[in-house]
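Below: the structure, in structure tokens.
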Amino acid sequence: TFQTIHYTWKKIYSIKLNSGKGFIFKAQMEAPLSPKESGKFITENSKDVFIENKGVREVAELLCEKAATKEFSIEGWKSLHELNPQKMDEAALNWVFAVSTLNFSFWSEREDAKCLVKYKDKTYSGYWALCAAFNRALDEGIPITSASYYATMTLEQLKHVLRSDTNVPMPLLEERHQVLTETGTILLEKFGGSFLNCLKKSEHSAQKLLQIVVENFPAFRDEAVFMGKRVALYKRAQILVADTWSLVASKDDLYFHDISCITMFADYRIPQALVHLGAMRYSDDLMKKLKEGVLFQSGEQLEVEIRGCSIWCVELIRDIMLELLAKKGQDLTDEVNAVLIDYYLWDYARDHRREMADIPIHRVRCIYY
Ligand SMILES: *[C@@H]1O[C@H](CO)[C@@H](O)[C@H](O)[C@H]1NC(C)=O
């Protein structure tokens, strides 16, 4: 059946990323719902994850107070994170592309055994350890953000670049190697080795850039089958568009005319924050599983519910924020979008880890987030 074919495809795909078979299966399928449509469809059919309107409103109110502050702007996002590239040029775009290709699965099994990377007197963990490792490599003269280098780099070379300062390595090193070399090869063959060429082809449309990425780079195709429908979550692909946006947009020029088509990035941190803030609720069954530390499979029903409902929840928060701001006479349709809400909630989740400890993250090991 459809479900099995897709599942097989996912399996083949996650085992062997270059498998040509994946494309045959894919061609037989209808186009997936967009992340926004997927979020709505998943929420309407969800059995273990629910959106709480009262909580949605409260989060919207909280965020409205923040909307005017620096934290809640692309400039703020950039300046609050010193490892991000600070100025826009071709090298910065290629940095964002390469980092976002490997932007997945940083959580550690144990709180006291983490992969850590020291860089310029600071020690980083999680996603920031990846950024630190990239910057460390660049300082050592390893061109880790150049497709011509990483398309053919060996696993040993990548292990060296991503080495940890503890005895816990970064998770999924072999998968990272496979994804990076595959993506680099495609960037070289189809786009002259530079992400700038993808951006040029997108003609100032975030939607189009997203399409270019998911159509050309299989490792960004974060899709699943939910209740017989093909759904797309596109976590890394959308972040790639958003991070590109934060590089190329400025106060007077948004660059993309349609950035609000990008939804939040469904990972494991934002759902936790949404549940903590009361905007989303898990069934008792699901909560029990999370507390037991069950390892979910990428694409299984519960996992898709958690991610899909988070997307729709953030869309609802955004709608109410715009409504509240409009009442105050402020039209911020362009300024308030899911990207900024996501950035804000992600930092919130990081800063409030302790208070949220009673809501475990859902554990999945996959290349999509
Ligand atoms: C990587 O993922 C994190 C968290 O989801 C996000 O905040 C960050 O912007 C991403 N970076 C890139 C370069 O994709």
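In this text, all values refer to a predicted model and were calculated from it rather than measured experimentally. Just so you know, ligand 1 is whichever comes first in the structure, and atom 1 is the first atom listed for that ligand.
- The aromatic rings of His352 and Tyr348 sit parallel to each other, their planes meeting at less than 30°, with 60° as the upper class boundary.
- The aromatic rings of Phe226 and Phe41 lie perpendicular to each other, with more than 60° between the two planes, well past the 30° mark.
- Heavy-atom distances between Phe265 and ligand 1 stay at or above 4.0 Å for every pair.
- When Ser283, Cys309, Cys313 are each tested for a side-chain contact (heavy atoms from CB on, under 4.5 Å) with Phe50, only one passes: Ser283.
- Between the choices Leu240, Val241, Leu130, Ile239, the shortest heavy-atom distance to atom 6 (C) of ligand 1 belongs to Ile239.
- The aromatic ring centres of Tyr369 and His362 sit less than 6.0 Å apart.
- Here Arg236 has no heavy atoms under 4.0 Å from ligand 1, in either its backbone or its side chain.
- Residue Lys235 has at least one heavy-atom neighbour below 4.0 Å for each of these atoms of ligand 1: 2 (O), 5 (O).
- The distance between the ring centers of Phe217 and Phe97 falls below 6.0 angstrom.
- Within the set Asn103, Asp267, Thr101, Asp243, the minimum heavy-atom distance to atom 3 (C) of ligand 1 is found for Asn103.
- With a heavy-atom cut-off of 4.0 Å, Tyr369 does not touch ligand 1 at all.
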